[in-house]
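In what follows, every chain begins at residue 1, and chains take the letters A, B, ... in the order their sequences are listed.
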Amino acid sequence: MTVQELPGAAAYRPTPPPAWKPRTDPAPLLPDPEPYRVLGTDAAAGADPELLLRLYAALVRGRRYNVQATALTKQGRLAVYPSSTGQEACEVAAALALEDRDWLFPSYRDTLAAVVRGLDPVQALTLLRGDWHTGYDPREHRIAPLCTPLATQLPHAVGLAHAARLKGDDVVALAMVGDGGTSEGDFHEALNFAAVWRAPVVFLVQNNGFAISVPLAKQTAAPSLAHKAVGYGMPGRLVDGNDAAAVHEVLGEALARARRGGGPTLIEAVTYRIDAHTNADDATRYRGEVEVEAWRAHDPIRLLERELTERGLLDDDGKRAAADAAETMAADLRERMNADPVLDPMDLFTHVYAEQTSQLREQAAQLRAELAAEGEAR
Amino acid sequence: MTVQELPGAAAYRPTPPPAWKPRTDPAPLLPDPEPYRVLGTDAAAGADPELLLRLYAALVRGRRYNVQATALTKQGRLAVYPSSTGQEACEVAAALALEDRDWLFPSYRDTLAAVVRGLDPVQALTLLRGDWHTGYDPREHRIAPLCTPLATQLPHAVGLAHAARLKGDDVVALAMVGDGGTSEGDFHEALNFAAVWRAPVVFLVQNNGFAISVPLAKQTAAPSLAHKAVGYGMPGRLVDGNDAAAVHEVLGEALARARRGGGPTLIEAVTYRIDAHTNADDATRYRGEVEVEAWRAHDPIRLLERELTERGLLDDDGKRAAADAAETMAADLRERMNADPVLDPMDLFTHVYAEQTSQLREQAAQLRAELAAEGEAR
Amino acid sequence: MTTAAVKPASMAQALQRAMRDAMAEDPTVHVMGEDVGTLGGVFRVTDGLAKEFGEDRCTDTPLAEAGILGTAVGMAMYGLRPVVEMQFDAFAYPAFEQLISHVARMRNRTRGGMPMPITVRVPYGGGIGGVEHHSDSSEAYYMATPGLHVVTPSTVDDAYGLLRAAIASDDPVVFLEPKRLYWSKATWSPDAPSAVEPIGRAVVRRPGRSATLITYGPSVPVCMEAAEAAASEGWDLEVVDLRSLVPFDDETVCASVRRTGRAVVVHEATGFGGPGGEIAARVTERCFHHLEAPVLRVAGFDIPYPPPMLERHHLPGVDRVLDAVARLQWEAGS
Amino acid sequence: MTTAAVKPASMAQALQRAMRDAMAEDPTVHVMGEDVGTLGGVFRVTDGLAKEFGEDRCTDTPLAEAGILGTAVGMAMYGLRPVVEMQFDAFAYPAFEQLISHVARMRNRTRGGMPMPITVRVPYGGGIGGVEHHSDSSEAYYMATPGLHVVTPSTVDDAYGLLRAAIASDDPVVFLEPKRLYWSKATWSPDAPSAVEPIGRAVVRRPGRSATLITYGPSVPVCMEAAEAAASEGWDLEVVDLRSLVPFDDETVCASVRRTGRAVVVHEATGFGGPGGEIAARVTERCFHHLEAPVLRVAGFDIPYPPPMLERHHLPGVDRVLDAVARLQWEAGS
Ligand SMILES: Cc1ncc(C[n+]2csc(CCOP(=O)(O)OP(=O)(O)O)c2C)c(N)n1
Ligand SMILES: Cc1ncc(C[n+]2csc(CCOP(=O)(O)OP(=O)(O)O)c2C)c(N)n1
Ligand SMILES: [Mg+2]
Ligand SMILES: [Mg+2]
């Protein structure tokens, strides 16, 4: 007999534990039973054609960016590249749903979101090229450094959003994380702080099916990752992560909610990592081509292209224009990445502290002497 | 317009994301809207009188134990004591719901559960007296060491339960943690591992309203702590933590479920810490007497006493017998704790490693020489 | 300037005052941690701050150290100056990844674009009869992490001055508070607090000519006592209080050792892999030909911190310091 | 015993073989971590183990390092012998609290009742062009934690022998695998693996009379190369490979330094607060009157690990080792 079946459960005498009060109703926090979709559904009729076209152009550009960056690894121009091919709808929608004053907290896989937000791709790729850890000024772009230790960027986003709210600024933070990252303690702590503080932050989980080789089924037994939200007292939303219009809409609602003081939202976008984890990974060791093919059919560009075409918003000329624009971006990126970055080894000592310690001054002098000797030897 | 209100949501075309499947139904995982109770409800009729009397005797003994241990801090016989006064129903039910072969993972506040399970109170109090970190052989008693770093014992319980299941042993682990402890990353990681592994483990959260001075409202915004369960794909149960019969029943069900391979359960027992955090704490700094009084009226011993009296299972003689037994235990504890423990400082070096390193041998020799010199000086 | 009545103040009060003054002067200073608000901290070091500045400025957080430090990182990104309390030394460990991988590296990662003006207050060390996990000396971990400053006061004045400097620093400071000195007192004018000390300067607490005791935090009073006792045996010991482990004041320390020709490093942390190794090694590197004897170390044993009833055997006391001084090869020396 | 064909094996293969042999011999040995199962680990060190022994013996865990080590503690409590993989050095930090507060202390806490026969494998160090967080040398943290053994191989043979010993140890061992030596090869007979090495013994990799290079892990090949180069300049350098940082082999190290009278400690970890301080200090304490010069240290700079394109400036190479040797005050010496 389970607790819920117990016949007497309804007949309490009126003496429940005194401090206990029925709290928030969990019902509105629970996600839909199926991923929300727009493209190919009746909801599409309500979508703004201009937005759809913007999303389309960005998706095409984004795919081209992924292909180009992957090619750069083969040419030794990038140390490593974690591709977001197949996940462009999430990357693009995340960037476009944000206001300029908002903040983006990307993971290592989210250079595309940073680029769509306006960051120069060469700057976005600095970490992965290996000339420095971050290639841009986070405050100028309101993009936190690409974060490698999983889920550790989530409390940062909460803290920043909280600080902005304390200051009375109309700023929302959007934090991106993978399905694997949801297993980390930092995910839990960040969501809890966010909910307790009602911080204006939105968590976007890209569930791309894998954490390197580990499939979702070994990562969680939850009905969905979005169901984790209720345990923090925030709404959970489940969305088709390959449907750019749906992701944009769900994100927009969550951002608006945060903006008006409604607190955080957890969004799970169901998507798929078409490429291997990075160029260094061999995905054939842990998954079959059949699965990948099924997802190729659900490609984010294809989904949107079909919608736009059916509605007469996109023709061959339009497609070509988008492709050409993407090609121009790629050519420019390729060319600029083929130049060797100019590096100054003395930078190693410049930014460790605001003021160099005597120890670092000694070490800098040592390296300077070595470099001078090297120079002479040449 | 929220996602759920969207008119088109029901009219999907049949192309959801390919890898996405509806997973477990969340409904059965959600806790009841109110804490489950037995005493004073119709459910009490189904309770085993013998069990109720056992619970009663243990509660009375447990309260006396708490009072005695607190008194020992005033006499300088304990370094510190975190009292479980008011929470005895959880402590007692936890110990009595377990089979002998099962394992208990207590926190620093749960010496009482260990004592009810059969551990000598002097051994249970070793940590708090300060002669060693653990006063008993965990394997002999199947009681893990009292754990101080919050929530860190939870993954241990999961690992042990998992190991037992791999070995084919019929062993369940019961892990105890406080409301504050649920905010730690280790709580999250432990519950996730447990659910993914379907480990035979039960998590009992004693929500006693405070983490030292911090009330639950600053700890979480969740509808209840039991609602966290759904995010891991395990059932969450909410129970009146001062109702020993209810806690025992809910625990029993969860343990049985774990035993038959059904996986973990998260139980939130709503209770209250009547005493200060420890003897060193001043609770008047953060809470009022009114709240405490309300909870005193909901005292676990009183609740059970009323039930037993109404049903004619307990009379004054019975009460006196329970009180006398408790008094005997307390007198024995007092007497034995008043003896100074015999300590060997050389123990500092004995158990750091299986085999003493040369460094520790040197250091042990140093201390031995110092002790000899001290002895001579006397 | 009016001279206020001089009255005794404890180190805990001086620390509280430092935060209070910093908060009053600079609205970006935020105090956060477990029980720091309503309760005023388990050691009462944040007493009254929430009342005076409101709960948004002195915040009781949820119970999760990585979350506390991680959100502080985000707050610092937005221009705030968080002062984070870790309730006890061992309870800072859950925040280790945030500390090492972010707090210590963010400035460098962003070429100075995102400094981390975060103060992490950690009550540390033993001698207070604490049960397991309440008496760790964890400074070796912080010292081995480039990007952090590591500071620890031993006097009431320094508690104020160094904490003000830590909060004012644009770099992260791990501020180690010696628990057993919380209740140590000094006559101190709370109306004219002591000077803000620049971080990175050691101080000679007691001048002497025979040998140098290099120490910090809770071991400073031990060394002072040892120096007094040694005087009666004919040794005139100099006591150097490091105050800052990072940056390390090579100048002051080496000047002293060059003068005395002998040195003992004293700390509570375990010896092996502890701070003393670094200190002895760098002093030896720099002062080799001035040394009459190897730099010796008096430290906690290489064991987990003992239970309260045995801690006195573990803690470096006056006798052990004097024993080490006696082993400084006096017969061979100048 | 049949002599199998001798063929080249990499360090990664030797490590795999050590786990495989341990698992075959002892059913309580369980391998666990991120991607260790189906994928065989990102460095393929656990390749084939899941297939051969099943997923219950070689388990892809959820992505949570504290959870991995914390559940391993529970498994060890029940009598298993977990071998845990942390995917990269910096990703072991989330597990720090479990490591320090439980793994290292459980035996002592329970007076020997609950030993922790856990091996924590940590690929560490740089030189592989890894982006941030993939090249840390974190051994100082582990060395400063009593209760842990800290072991690191530098050869293919030791990789096998030491990992077998680590898994067989009843105490927790942090087993540091030098990433950039994973692909180093030796002619090695996989059918007759090298001997199981007792933990705690250093080895003289190259005998010499002029000075001792004290080193370990990824810096051993650097020191061997430096010793070869030094020979042409008239210095006959002895190279001691520590293999085990804890316990530390004072005997072998000091015997060498007493013989040569000069020493340089070489490692990749940052210098300040790094392992070299401890090593230099203890050698000096023990060999002071044999030393012609202070024990010098060649280490990584005191900075966060650099990006790939700059790492060569950070890593101690042959030239820096030779520079240090040159500074060993040869003019003054015997
Ligand atoms: C704390 C931490 N542990 C381990 C890693 C190594 N690692 C890098 S990516 C990855 C898988 C991440 O999976 P997921 O979160 O699903 O993101 P995805 O790569 O699919 O975008 C792992 C284990 C890491 N970066 N950080
Ligand atoms: C990791 C960690 N952080 C902080 C502490 C200090 N501390 C001890 S008890 C406590 C409050 C715990 O509250 P809760 O989990 O509700 O348990 P309760 O004391 O109410 O039983 C705190 C913060 C600790 N023991 N461990
Ligand atoms: Mg993923
Ligand atoms: Mg509580």
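- Under a cut-off of 6.0 angstrom, the local environment of NZ in D:K185 is crowded, with over 12 non-hydrogen atoms contributed by other residues, nucleotides or ligands.
- Of the listed residues (D:L310, D:D319, D:D302, D:T61), the greatest number of heavy-atom pairs within a distance under 4.5 Å of chain A belongs to D:D302.
- For the pair D:E34 and A:V214, the minimum side-chain heavy-atom distance is 4.5 Å or more.
- Summarising the geometry, atom CZ belonging to D:F272 is positioned 9.0 Å from atom OG1 belonging to A:T357; distances are rounded to the nearest 0.5 Å.
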**Message:** If you apply the rule side chain to side chain contact (heavy atoms under 4.5 Å, CB included), what do you find for D:Q87 with A:I212, and how did you get there?
**Reply:** CA-CA 11 Å; D:Q87 200 162 76; A:I212 308 186; 3.5 Å; yes
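- Proximity to chain D is limited to the side chain of A:D281, based on heavy atoms less than 4.5 angstrom apart.
- Counting heavy atoms from C-beta outward, A:T148 and D:H134 have side chains that approach closer than 4.5 Å.
- Residues D:P94 and A:E184 approach most closely at CB-OE1, 4.5 Å, considering heavy atoms.
- Scanning all heavy atoms of the two residues, the minimum distance from D:I303 to A:V352 falls at CG2-CG2, 3.7 Å.
- To the nearest 0.5 Å, the span separating CG on D:D60 from CD on A:Q219 amounts to 9.5 Å.
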**Request:** I would like to know whether A:Q363 and D:T270 meet side chain to side chain contact (heavy atoms under 4.5 Å, CB included); could you show each step before the answer?
**Result:** CA-CA 11 Å; A:Q363 293 169 27; D:T270 53; over 6 Å; no
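- Proximity to chain D is limited to the side chain of A:L343, based on heavy atoms less than 4.5 angstrom apart.
- If you measure heavy-atom distances from D:E65 to chain A, the contacts under 4.5 Å come from both the backbone and the side chain.
- A heavy-atom distance below 4.5 Å is not found between the side chains of A:D131 and D:P307.
- Expressed to the nearest 0.5 Å, how far CE of D:M309 lies from OG1 of A:T126 amounts to 9.5 Å.
- Across every non-hydrogen atom of A:A211 and D:L63, the tightest pair is CB-CD1, 3.7 Å.
- When heavy atoms are compared at a cutoff of 4.5 Å, A:A79 approaches chain D solely by way of its side chain, counted from C-beta outward.
- Taking every heavy atom of both residues into account, D:P62 and A:S183 meet most closely at CB-OG, 4.0 Å.
- Considering only heavy atoms from C-beta on, D:T38 stays 4.5 Å or farther from A:R287 through its side chain.
- Interface remark: A:L360 contributes side-chain atoms only to the contact with chain D (heavy atom separation under 4.5 Å).
- The choice from A:H351, A:R129, A:Q359 that makes the most heavy-atom pairs within less than 4.5 Å of chain D is A:R129.
- Heavy-atom distances place the side chain of A:L150, and not its backbone, under 4.5 Å from chain D.
- In this structure, the portions of D:F301 lying under 4.5 Å from any heavy atom of chain A include both its backbone and its side chain.
- The parts of D:H313 that come within reach of chain A are both its backbone and its side chain, each placing non-hydrogen atoms under 4.5 angstrom from that chain.
- Around atom CD of A:E355, no more than 12 heavy atoms belonging to other residues, nucleotides or ligands sit under 6.0 Å away.
- Taking 4.0 Å as the cut-off between side-chain N and carboxylate O, D:D47 and A:R285 count as a salt-bridged pair.
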